[in-house]
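Okay, structure first, notes after.
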Protein chains: 2
Amino acid sequence: MIDSRLTTLRVFARCGTVAATAELTGYSPSAVSAQLRELQRVLGLQLLTKDGRGLRLTATGRFLVTGSDPMIAEWERLRAAAMEAGGQMQAHFGLGGFSSAAAQLLAPLAATLRSVHPLVEVQVLEANPARCFDLLVAERIDLAVIVAMQSDMHADEDQRFEQTTLLNDPLDVILPSDHRLATRETVTLEELATDPWITEAPGSAYHALFTAAFTAVGVTPRIAHEAVEWETQIAFVGAGLGVGLLPRLATLGSAENVTRLPISGRGKPSRRIVAAVRKGSIGSPLIKDSLAILQDRAKRILTERLEDEL
Amino acid sequence: MIDSRLTTLRVFARCGTVAATAELTGYSPSAVSAQLRELQRVLGLQLLTKDGRGLRLTATGRFLVTGSDPMIAEWERLRAAAMEAGGQMQAHFGLGGFSSAAAQLLAPLAATLRSVHPLVEVQVLEANPARCFDLLVAERIDLAVIVAMQSDMHADEDQRFEQTTLLNDPLDVILPSDHRLATRETVTLEELATDPWITEAPGSAYHALFTAAFTAVGVTPRIAHEAVEWETQIAFVGAGLGVGLLPRLATLGSAENVTRLPISGRGKPSRRIVAAVRKGSIGSPLIKDSLAILQDRAKRILTERLEDEL
DNA sequence: TCGATCATGCACCCATCCTGCACCATTCCC
DNA sequence: GGGAATGGTGCAGGATGGGTGCATGATCGA
């Protein structure tokens with residue numbers, strides 16, 4: 001309903017280059033370039049200027065992008081209300097999500113939606129949080145499941161999105177099955193202060209969560225190894241190289257010799273899993289359905305995993 | 001920026017038939033029909049139903065039309081603000097107006113705009129008030145100058161338009177130059193209670209104004225003749241058939257034997273001339289310029305006409 | 001029953017717009 | 001400083017969307 005060239009401009013405003021905009025929107029770079037030129041022509045405004053080998057938004061361009069937020073939200077609201085009023089569903093529904101969230105929450109959601117609403121074409125894209133927001137703006141996806149991060153805190157005030165917390169995913173300790181504490185019911189971080197820890201490289205979202213957990217209890221962990229994927233980290237632990245933290249939502253899989261223990265005591269760390277949608281679209285029947293399914297699913301996984309693996 | 005098919009639907013909502021929508025938007029009837037069908041397809045909603053040989057909006061359709069008002073207004077606001085911020089003007093500017101208003105106010109406005117902003121293509125359409133609103137919705141015109149009427153009072157609350165009063169156009173009395181009161185400076189309606197009056201057919205906007213003026217002073221005029229155009233009415237008066245009321249904005253032209261006198265005493269009648277624009281567009285530079293020019297022009301005409309003709 | 005009014009399907013056609021490629025500018029890196 | 005990588009844009013070509021004009025079917029009024 002809204003001119004696609006405006007959407008293209010908005011995507012450009014997020015990623016900053018024509019090439020990236022093309023990749024996100026699914027157009028060719030030439031098409032993006034032409035669309036932006038055309039948009040400036042019909043509005044009679046200069047929205048972009050050359051900046052080195054790239055392009056940069058002018059003040060007018062930035063104004064147009066942020067100023068269009070209310071209109072986009074208004075349209076989403078209207079569409080959602082019309083869908084609700086007419087008892088209809090949109091024909092296409094895109095989901096985006098990040099690693100464990102995607103695997104554990106989005107796959108079942110997509111399956112459920114497929115069976116409940118067979119006429120809706122559901123598509124799932126695995127993508128990191130930043131890209132998820134890009135995809136939301138580009139209208140490639142309609143709902144994203146991501147891990148809330150401190151750096152995204154300002155995203156709550158973003159006029160483009162609306163977020164709802166799905167669950168607080170607690171971090172558990174994973175340790176080798178022959179570890180001295182492996183037979184305990186629960187464990188505190190203080191008790192593991194001297195153990196070698198396995199974590200992700202500094203700068204990652206998980207690493208920030210990791211250090212926050214320890215500073216909360218006043219302990220400085222000894223970091224022995226770094227891993228990028230949960231799989232790798234679990235294998236390191238299984239091999240006896242150290243101990244680590246694992247979100248309860250992440251599955252241990254078929255890992256041998258690894259025990260999962262919930263953390264007790266002060267400062268139980270957790271990561272917040274949130275669902276993000278374009279502002280205004282929260283009232284859409286499909287999205288309301290999806291949020292309900294996701295929350296139900298999240299709750300069930302959390303309790304089941306405790307019973308199964310601990 | 002907004003999908004033209006939505007605009008088409010909104011015009012249809014005002015006029016009720018595909019043919020009239022086609023005429024207003026400038027499309028062919030086939031095109032309108034196809035657009036409405038396509039709009040329903042992409043939204044997956046039934047917006048229209050057959051009703052006899054015509055079409056009728058469904059509840060969903062009405063919902064979509066009225067619900068889209070805020071979005072349209074938001075877009076107009078954004079466009080106006082972007083124009084202002086970028087110091088630009090839109091390339092096309094449409095004006096609409098009614099009879100004497102068009103002749104006396106819009107023609108000079110168009111001329112002024114043409115000289116001040118030579119790059120803007122100005123177009124004037126003479127149309128009655130109802131059609132002016134249709135043309136505003138259809139985006140054929142951007143500003144309409146109309147006579148406010150009691151039946152349009154609810155138009156103030158219409159979510160689609162914004163109106164600003166340009167001037168109160170007082171009604172003068174016109175009488176034959178050999179009339180017993182023709183040498184007076186001013187006249188009251190009571191003094192003319194027994195004279196034969198010339199007015200427009202009952203049901204017209206002017207007639208309503210006419211009767212309101214007399215009921216205000218408690219006099220029942222004797223209506224002798226009916227005329228549709230000012231020209232005709234003035235000719236009747238010049239021929240000595242009776243007396244009449246004429247808005248000060250309307251010119252006497254080259255009429256012979258006709259004298260114009262302002263009305264004094266209680267209940268000086270006047271008609272309100274208002275400018276109407278699409279909601280949100282009031283901040284546009286061109287519109288702000290136009291309103292200023294119109295008000296200036298209106299004021300000058302009012303005072304000049306008094307000196308010239310009285 | 002005839003004409004007028006409306007909506008719509010169909011054939012045709014034109015404008016829009018996207019792709020793929022080539023080309024130019026800038027920056028990075030060796 | 002030169003070559004490669006990155007980023008943007010122009011152009012030819014082609015598909016598609018969408019508009020026009022006409023014919024047709026349906027309904028209403030006289």
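The sequence lines fix the lettering, A, B, ..., with proteins before strands; numbering per chain opens at 1.
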| field | Side-chain-base donor-acceptor pair under 3.5 Å for A:S30 and D:dG10 | value | yes
Please state how far atom [atom1] in [X] lies from atom [atom2] in [N], giving the value in whole angstrom units.
X     : N      : atom1 : atom2 : value
B:E23 : C:dC6  : CD    : P     : 12 Å
A:R53 : D:dT6  : CZ    : P     : 8 Å
A:L57 : D:dG8  : CG    : P     : 12 Å
B:E38 : D:dG17 : CD    : C1'   : 9 Å
A:L39 : C:dC18 : CG    : P     : 13 Å
A:D3  : D:dG17 : CG    : C1'   : 15 Å
A:F12 : D:dT9  : CZ    : C1'   : 13 Å
A:D51 : C:dA25 : CG    : P     : 17 Å

| field | From C:dT19, D:dT9, D:dT20, nucleotide with atom closest to B:S28 side chain | value | D:dT20
| task | Using the closest heavy atom to pick a nucleotide of DNA chain C for each, name whichever of A:G52 or B:S33 lands nearer the 5' end. | result | B:S33
| said: On DNA chain C, does the nearest nucleotide to A:R5 precede the nearest nucleotide to A:G54 from the 5' side, or the other way round? Give the residue. | reply: A:R5
| N/O (side chain, B:R37) to phosphate O (OP1/OP2, C:dG9) under 4.0 Å | yes
| query | Looking only at side-chain N and O atoms, does A:Q35 come under 4.0 Å of OP1 or OP2 in C:dT16? | reply | no
Could you tell me whether [X] and [Y] make a salt bridge, using a distance below 4.0 angstrom between a side-chain N and a carboxylate O?
X      : Y      : answer
B:K279 : B:E162 : no
B:R131 : B:E23  : yes
B:D69  : B:R10  : yes

| query | Quick one: OG on A:S281 to CZ on A:F161, what's the gap to the nearest 0.5 Å? | reply | 10.5 Å
| task | Please work out if A:A19 contacts a base, only the sugar-phosphate, or nothing of the nucleic acid, heavy-atom cut-off 4.0 Å. | result | sugar-phosphate
| request: Using a 4.0 Å heavy-atom cut-off across all strands, classify B:T17 as base, sugar-phosphate, or nothing. | output: sugar-phosphate
| Looking just at side-chain N and O atoms, do A:H92 and A:D142 make a donor-acceptor pair shorter than 3.5 Å? | no
